[in-house]
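Scroll down for the structure; my scribbles are underneath it.
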Amino acid sequence: MELSRRRLLQGIAGAGAAGAGLALAGCAPSAAAAPTDVVDFHGPHQAGIATAVQDRLAFMTFDVTSTSRADVVELLKSWTTAAEAMTRGAAVPGAPPDDQVPPADTGEAAGLPAARLTVTVGFGPSLFTGPDGSDRFGLAARRPAAFVPLPALPGELLDPARSGGDIAVQACSDDPQVAFHAVRNLARIGRGTVVARWAELGFGKTSSTQGSADGDPGGTPRNLMGFKDGTRNIVGTDDAALDQHVWVADADGQGWLGGGSYLVARRIRMFVEPWDRDRLGDQEAVFGRFKDSGAPLTGKAEFDAPDYAATGADGPVIPANAHIRLASPENNGGLRILRRGYSYTDGIDATTGTLDAGLFFLAYMRDPNQFVTLQRKLGTSDALNEYIRHVGSGLFAVPPGTSGPDDWWGRALFS
Ligand code: HEM
């Protein structure tokens with residue numbers, strides 16, 4: 001039996017219990033859910049990559065505890081079915097309610113709109129080859145050549161408890177409870193086959209994929225350092241840029257991964273307190289952009305092209321170690337990535353009494369080397385390094401999208 005969350009909401013309001021309807025909708029940004037709040041689940045690429053970035057994130061990685069390949073296949077099939085239903089705003093499908101067994105859906109999203117939920121899945125290198133080099137599920141030979149664990153990189157001090165994982169799930173939605181509900185239900189369905197390894201909740205998008213033409217309704221979002229983020233990101237509707245920098249092409253010789261992508265996740269802690277004591281001019285020099293407008297230091301408006309050749313009395317106007325100079329395609333042979341990160345906080349760091357907050361960096365790319373190239377440079381020279389440290393990390397091969405109801409995540413890999 002399938003319950004539509006929205007129909008449930010309408011049912012309550014229609015029965016005259018408007019108060020109850022409003023209360024249920026209290027935390028949802030748009031209770032009068034427009035039809036546009038459903039993102040297509042099926043397609044050549046998984047949703048949640050080129051999709052306009054939603055407001056909230058629930059991210060979780062899992063380790064497979066079963067040794068059976070059939071269990072992993074079964075898990076991916078049930079996850080696909082559940083995720084497709086939740087994306088439509090429906091409950092996880094299952095047997096009709098029975099007071100003798102737990103419900104098929106945990107229930108906390110009942111009444112909430114679909115809220116542009118996307119659920120995106122990726123496979124870690126450890127799914128293909130175990131730590132002892134073992135071919136855990138007969139997949140070792142199918143591991144794409146480019147898919148090797150990230151090397152040690154400058155600027156990181158990684159916590160193994162917040163790194164890695166055999167499978168990653170990224171759930172994004174405009175409603176935090178809808179995003180959490182999605183990963184929670186996949187975790188519940190996976191019991192016996194996978195265990196959760198680490199998780200992160202993102203409370204605000206730090207990056208836009210909307211560009212200057214459509215723009216974000218509230219303008220380009222800001223990260224926790226107060227700067228607009230995503231100004232020169234890959235735009236989700238720019239198919240040429242996506243084909244060039246984000247989607248693995250069939251011609252790349254990576255087999256089942258054609259149409260997919262690579263996801264790099266980095267938990268980047270920000271040292272918020274010293275940053276807040278830094279003078280405005282220095283903060284702007286760190287990024288190479290003005291804090292208020294987001295314009296490059298060589299321009300007036302946010303989307304003005306940075307002029308890396310411009311010099312002033314003290315040398316380059318955009319300093320040699322400014323974040324945008326080091327990260328820009330102009331200075332990296334045209335290299336680009338699609339950033340889709342979120343701000344996070346996990347309360348107070350008990351050892352220092354400072355805020356444990358930062359950027360949960362998520363980026364999609366055609367080859368993991370795009371990230372490695374950038375981070376080698378940024379981790380060595382970026383002025384931002386005084387205020388950040390990479391403390392968690394994951395690399396995942398993101399299979400292509402599903403074609404319809406009979407398809408499932410990873411079918412090409414396991415077939
Ligand atoms: C806490 C860490 C970080 C913060 C606060 C941050 C912030 C920013 C900001 C404010 C911009 C300028 C606006 C824009 O074009 O989006 C930017 C640009 C960019 N960042 Fe970061 N960033 C961080 C980490 C990283 C990392 C780890 C990478 C990749 C390894 C990266 C890659 C880029 C790229 C490629 C651009 C666009 C450059 C351009 O096209 O001009 N960033 N970042």
Side-chain angles (χ1 to χ4, degrees), residues 53 150-151 153-156 158 202 204-212 216 219-235 238 241 245-246 262-272 275 278 283-299 301-308 318 321-345 357-365 368-393 395:
V53 187
L150 294 174
L153 290 165
E156 67 184 18
L158 301 179
K205 61 177 169 182
T206 59
S207 224
S208 170
T209 50
Q210 310 263 110
S212 58
D216 264 72
T220 305
R222 292 178 187 270
N223 58 42
L224 291 186
M225 288 173 154
F227 277 76
K228 293 189 178 189
D229 208 327
T231 303
R232 292 228 300 167
N233 203 5
I234 292 178
V235 177
D238 183 348
H245 304 286
V246 178
Y262 286 100
L263 166 63
V264 173
R266 305 283 281 187
R267 187 175 188 268
I268 308 181
R269 170 88 185 266
M270 288 176 180
F271 304 120
V272 172
W275 176 258
D278 191 26
Q283 293 188 355
E284 294 179 330
V286 163
F287 285 107
R289 287 187 176 272
F290 292 109
K291 192 167 188 176
D292 186 30
S293 64
L297 296 182
T298 52
E302 181 188 352
F303 294 99
D304 288 350
D307 177 359
Y308 293 111
I318 297 175
N321 60 355
H323 182 70
I324 63 162
R325 177 186 288 277
L326 296 171
S328 66
E330 290 89 335
N331 301 309
N332 291 288
L335 188 155
R336 300 181 77 194
I337 55 177
L338 185 146
R339 289 167 290 139
R340 218 180 183 284
Y342 287 82
S343 295
Y344 76 84
T345 180
L359 166 64
F360 194 67
F361 174 94
L362 294 168
Y364 287 88
M365 61 209 73
N369 230 2
Q370 289 163 253
F371 173 78
V372 172
T373 303
L374 283 178
Q375 184 52 30
R376 281 215 169 105
K377 197 165 173 187
L378 292 173
T380 309
S381 313
D382 194 350
L384 191 53
N385 291 337
E386 193 180 338
Y387 302 100
I388 61 167
R389 182 183 297 143
H390 293 222
V391 293
S393 179
L395 169 68

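Each ligand, and each atom within it, is numbered from 1 in the order the structure gives. Bear in mind the structure is a predicted one, so any value in this text is a computation, not a measurement. This chain uses plain numbering: 1 for the first residue, then up along the sequence.
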Go through ligand 1 atom by atom and flag the ones less than 4.0 Å from a non-hydrogen atom of Leu378. 26 (C), 28 (C), 29 (C), 30 (C), 31 (C)

Check the orientation of Phe287 and Trp275. Use parallel for under 30°, tilted for 30 to 60°, and perpendicular for over 60°. perpendicular

Report yes if Thr231 has an N/O atom closer than 3.5 Å to an N/O atom of ligand 1; otherwise report no. yes

Tell me, yes or no, whether the heavy-atom count around Asp304 atom CG, taken from other residues, nucleotides or ligands under 6.0 Å, exceeds 12. yes

Near Asn223, which atoms of ligand 1 are under 4.0 Å from a heavy atom of that residue? 5 (C), 7 (C), 10 (C)

Can you check whether Val286 reaches Met225 side chain to side chain, under 4.5 Å on heavy atoms? no

Identify the closest protein heavy atom to atom 26 (C) of ligand 1: which residue and atom is it, and at what distance? Phe361 CE1, 3.4 Å

Could you tell me if the side chain of Tyr342 sits less than 4.5 Å from the side chain of Val53, heavy atoms only? yes

Under 4.5 Å between any side-chain heavy atoms of Leu224 and Leu359, yes or no? no

What atoms of ligand 1 come closer than 4.0 angstrom to any heavy atom of Leu374? 30 (C)

For atom 6 (C) of ligand 1, the protein heavy atom that lies nearest, with its residue and separation: His323 NE2, 3.7 Å

Has Asp382 got any heavy atom lying under 4.0 angstrom from an atom of ligand 1? no

Would you mind listing which atoms of ligand 1 come within a distance below 4.0 Å of any non-hydrogen atom of Arg289? 12 (C), 13 (C)

Judged by modelled atom types alone, do Glu156 and Ser393 share a side-chain donor-acceptor pair under 3.5 Å? no

Phe371: numbered ligand 1 atoms lying under 4.0 Å from its heavy atoms: 30 (C)

Tell me, please: is His390 in heavy-atom contact with ligand 1, that is, under 4.0 Å? yes

Identify the closest protein heavy atom to atom 4 (C) of ligand 1: which residue and atom is it, and at what distance? Leu384 CD2, 3.7 Å

Could you tell me the residue and atom name of the protein heavy atom closest to atom 35 (C) of ligand 1, and the distance to it rounded to 0.1 Å? Ala327 O, 3.5 Å

Which atoms of ligand 1 are found less than 4.0 Å from any heavy atom of Met270? 1 (C), 5 (C)

Looking only at protein heavy atoms, what sits closest to atom 15 (O) of ligand 1 is Arg232 N, 2.9 Å

Determine whether more than 12 heavy atoms belonging to other residues, nucleotides or ligands lie under 6.0 Å from atom CZ of Arg222. yes

Atoms in ligand 1 flagged as close to Ile324, the criterion being non-hydrogen separation under 4.0 Å: 12 (C)

Mark the output for Pro329 as yes if a heavy-atom distance to ligand 1 is under 4.0 Å, and as no if none is. yes

Does some side-chain heavy atom of Gln375 sit less than 4.5 Å from a side-chain heavy atom of Val264? no

Does some side-chain heavy atom of Met270 sit less than 4.5 Å from a side-chain heavy atom of Tyr344? no

Atom 3 (C) of ligand 1: nearest protein contact (heavy atom, Å): Leu359 CD2, 3.5 Å

Lys228 and Arg289: side chain to side chain contact (heavy atoms under 4.5 Å, CB included), yes or no, with the steps? CA-CA 9 Å; Lys228 293 189 178 189; Arg289 287 187 176 272; over 6 Å; no

among protein heavy atoms, the one nearest atom 7 (C) of ligand 1 is Phe287 CE2, 3.4 Å

Go through the steps for Phe303 and Thr220 under the test side chain to side chain contact (heavy atoms under 4.5 Å, CB included), then give the verdict. CA-CA 11 Å; Phe303 294 99; Thr220 305; 4.0 Å; yes

Any heavy atom of Lys228 closer to ligand 1 than 4.0 angstrom? yes

Are Pro306 and Arg325 side-chain neighbours, meaning at least one heavy-atom pair lies under 4.5 Å? no

Please write down residue, atom name and distance for the protein heavy atom closest to atom 18 (C) of ligand 1. Arg339 NH1, 3.3 Å

